[in-house]
**Q** 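I am attaching a structure below and will ask some questions about it afterwards.
It should be emphasised that the depicted structure is a prediction, and the values quoted were computed from it without experimental measurement.
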Amino acid sequence: MGQILFLTGLQLFGVYFGLLFKRKIPFVFIVITGYLWGALIWVVGGTLLQILNIPFTVPGMASFFGLLALGIAVLHARKETWKSSKRELSLIFWAALVFFLVLLLASHFNFSIASPDSAVMIATGRRFTFEGFSPAIIEELSLRGVFLPQLQSASVFLGDDYLYAAQPAFGFTFLLAYFYLSQRILCQLGLNKRQVLVYTLLATLVLFTTYFIAFQLFYIHTNLISAAYLFVAVAGFWLASVEGVEDWLVVGILALMGFSLARTEAPLFALLFLVLVISADRVSYQIRLKTILPYLSSLVFWYLYLYWRMGEGTYILNPERTLLVIGSLAALALLVLLSAVKAIKRYLLPHLPRIMLGLLVLLLIFMIIQKTDHFRISIYGSIYNLLETGEWGLTWLVFSFLFVVSLTGPRMPGEELLLYGIASFFATLLAIVYFRVPYHTSWGDSANRMFTHILPIVILYVLMKAAHSLSIDTTSEEKATSN
């Protein structure tokens, strides 16, 4: 019961934080995604305490949350976002109650699934409270990321072996966020409410009844967490671009931070989508500086800390690769700073998506020439996993076909963000195998699990293209009838 109350507390604190954006971000979205922000705050707070050598204890974390709550209260007072109607308070209460009951049900049955990686991440998190960021802990963080271990560290304070309810909490929140954001995006494409509801329900059912996705609702690992944050980030970026509401960009950046902390290689994938956001040039230069630069600066600080502490590193992240990540983050920061220069804005930004994808393809060709057998094994293993051994059923076969068919449809608003994001994701996923052992045929293969990150966006893209085509056809028929 203790951890259910703890996770519900994170959900409510996330709502309390999210209400800062209630003037421009839908209240329902803030309420249903509260757990994402509460969990992220716990992870960032715990990590910051240990970097600063402040004791990672219950009083330490309570002090952090107390000071943060006070700071948020001051912002609420200034922005007058603390005022809530009875309907809004009722929605917060019922959302927290449903969240609590879902976790209670998940805890009663406890279908948790763990692999050796899961056990290591749980054990690493528990060691935080005794060792802090010791050299052995830093080695684990450079291998598997900080998010899940830091979240699981709370189990020590709660007197539990591990947080068995954390994964279902992410799964339930992701389901609600996927349904809500897909619905909102389809509304922007011109469908009526009935069509939006049918399309969104169908897409949500397809995604969450896919066996490997349903499996990960209880599988203690980073991939469903990564998928949830990346989807919210990409949806937020698209809505910021199309609706013109810059607070959606803030939401996207916050979600991208959660994604970036989940796995050590995640920032490389995050940068792909940020490049596409910058190239679209749909949000003001000032808001880009206020949102993207703090995100990049925070990650540079984190990876510099790892570089300083890691020693020889691991086969995933060593000093040389850490410098590569830092250099990539710094290069994007420079692009953000220069994105208002007229020459760059006119001659570079519009072509950035094609330049980025082209460079990735050229890099891949070079890598394949260098390690032909290495890539042959990896490509074969990845394709075979998608179609047979990865526990995806027919999902990837069907949506790969639908994705290709969708390319022939009429262009839709903000299409480059999703189209080039998906293509660049797969290119980068294949490129990073150059630095590690080949991908292999197994559901537990790293690439196979990382396909979880991009599948929700692939399904969303196919859904949006179908909806956009239907909207155009409906409009054409209405004009013909009126004539």
Side-chain angles (χ1 to χ4, degrees), residues 47 141-147 222 226 229-230 233-234 237 249 252-280 288-289 291-310 313-339 341 344 348-349 351-367 370 416-417 420-436 446-447 450 453-454:
T47 302
L141 297 183
S142 65
L143 188 62
R144 293 181 174 88
V146 71
F147 194 105
T222 61
S226 298
Y229 280 116
L230 183 60
V234 173
F237 294 154
L249 182 64
I253 291 295
L254 289 171
L256 206 62
M257 179 60 77
F259 171 75
S260 300
L261 294 176
R263 297 179 64 100
T264 53
E265 68 274 68
L268 296 177
F269 295 91
L271 293 183
L272 303 175
F273 290 97
L274 283 180
V275 167
L276 296 171
V277 170
I278 296 168
S279 70
R288 290 202 296 267
L289 293 179
T291 55
I292 299 178
L293 284 185
Y295 161 81
L296 295 173
S297 301
S298 300
L299 286 182
V300 167
F301 172 75
W302 170 239
Y303 278 86
L304 280 173
Y305 177 78
L306 289 178
Y307 176 78
W308 175 56
R309 295 287 314 278
M310 71 170 44
T314 64
Y315 75 94
I316 294 291
L317 199 66
N318 58 27
E320 293 77 18
R321 293 169 194 168
T322 305
L323 289 176
L324 177 63
V325 174
I326 293 171
S328 300
L329 294 167
L332 188 63
L334 182 61
L335 177 63
V336 173
L337 289 171
L338 298 177
S339 60
V341 176
I344 292 176
L348 178 61
L349 294 190
H351 307 292
L352 261 182
R354 288 173 288 279
I355 292 172
M356 179 177 70
L357 185 57
L359 289 175
L360 283 171
V361 171
L362 289 175
L363 181 62
L364 262 179
I365 292 172
F366 172 78
M367 289 177 166
Q370 291 286 313
E416 287 188 336
L417 174 66
Y420 283 95
I422 292 168
S424 299
F425 182 95
F426 280 104
T428 304
L429 182 59
L430 190 55
I432 62 175
V433 79
Y434 181 88
F435 303 103
R436 48 158 292 160
S446 179
M450 289 178 71
H453 306 177
I454 199 66

**Q** So, for Gly258 and Phe147, which heavy atoms are closest and what is the spacing to 0.1 Å?
**A** O-CD1, 3.8 Å

**Q** May I ask you to test the Phe269-Ile454 pair for a side-chain heavy-atom distance under 4.5 Å?
**A** no

**Q** Which donor-acceptor pairs under 3.5 Å do side chains of residues 422-429 form with protein atoms, sequence neighbours excluded?
**A**
residue	atom	partner	partner atom	Å
Ser424	OG	Tyr420	O	2.7
Thr428	OG1	Ser424	O	2.8

**Q** Show every side-chain hydrogen bond (donor to acceptor under 3.5 Å, both in side chains) that has at least one partner inside residues 319-329, sequence neighbours left out.
**A** none

**Q** Quick one: list whatever passes ring pair (Phe, Tyr, Trp, His ring centres under 6.0 Å) with Phe273, sequence neighbours left out.
**A** none

**Q** Once salt bridge (charged side-chain N to carboxylate O under 4.0 Å, His left out) is applied, what residue pairs with a partner in residues 253-271 remain, sequence neighbours excluded?
**A** Arg263-Glu265

**Q** Can you name the side-chain contact (heavy atoms from CB on, under 4.5 Å) partners of Ala233, sequence neighbours left out?
**A** Phe237, Ala255, Leu256

**Q** For Ser339, give me all partners under side chain to side chain donor-acceptor pair (under 3.5 Å), at least two apart in sequence or on another chain.
**A** Arg288

**Q** Could you list the residues that satisfy side-chain contact (heavy atoms from CB on, under 4.5 Å) with Ser142, not counting sequence neighbours?
**A** Met310, Thr314, Leu317

**Q** For Leu348, check side-chain contact (heavy atoms from CB on, under 4.5 Å) against everything at least two apart and list the hits.
**A** Leu335, Ile344, Leu352, Ile355

**Q** Please list all pairs meeting side-chain hydrogen bond (donor to acceptor under 3.5 Å, both in side chains) that have one or both residues in residues 353-363, counting only residues at least two apart or in different chains.
**A** Arg354-Glu416

**Q** Evaluate the side chain to side chain contact (heavy atoms under 4.5 Å, CB included) criterion for residues Ile316 and Phe435: first the C-alpha distance (whole Å), next the side-chain angles of each, then the deciding distance (0.1 Å), finally the verdict.
**A** CA-CA 8 Å; Ile316 294 291; Phe435 303 103; over 6 Å; no

**Q** Looking at residues at least two apart in the chain, or sitting in another chain, which of them share a side-chain contact (heavy atoms from CB on, under 4.5 Å) with Ile365?
**A** Val361, Ile369

**Q** Would you please name every residue forming a salt bridge (Lys or Arg N to Asp or Glu O under 4.0 Å) with Arg436, sequence neighbours left out?
**A** none

**Q** Distance-only criterion, 3.5 Å: show the donor-acceptor pairs between side-chain atoms of residues 298-308 and protein atoms not counting sequence neighbours.
**A**
residue	atom	partner	partner atom	Å
Ser298	OG	Pro294	O	2.8
Tyr303	OH	Thr264	O	2.6
Tyr305	OH	Arg309	NH1	2.7

**Q** Are Leu272 and Met356 close enough that some pair of their side-chain heavy atoms sits under 4.5 Å apart?
**A** yes

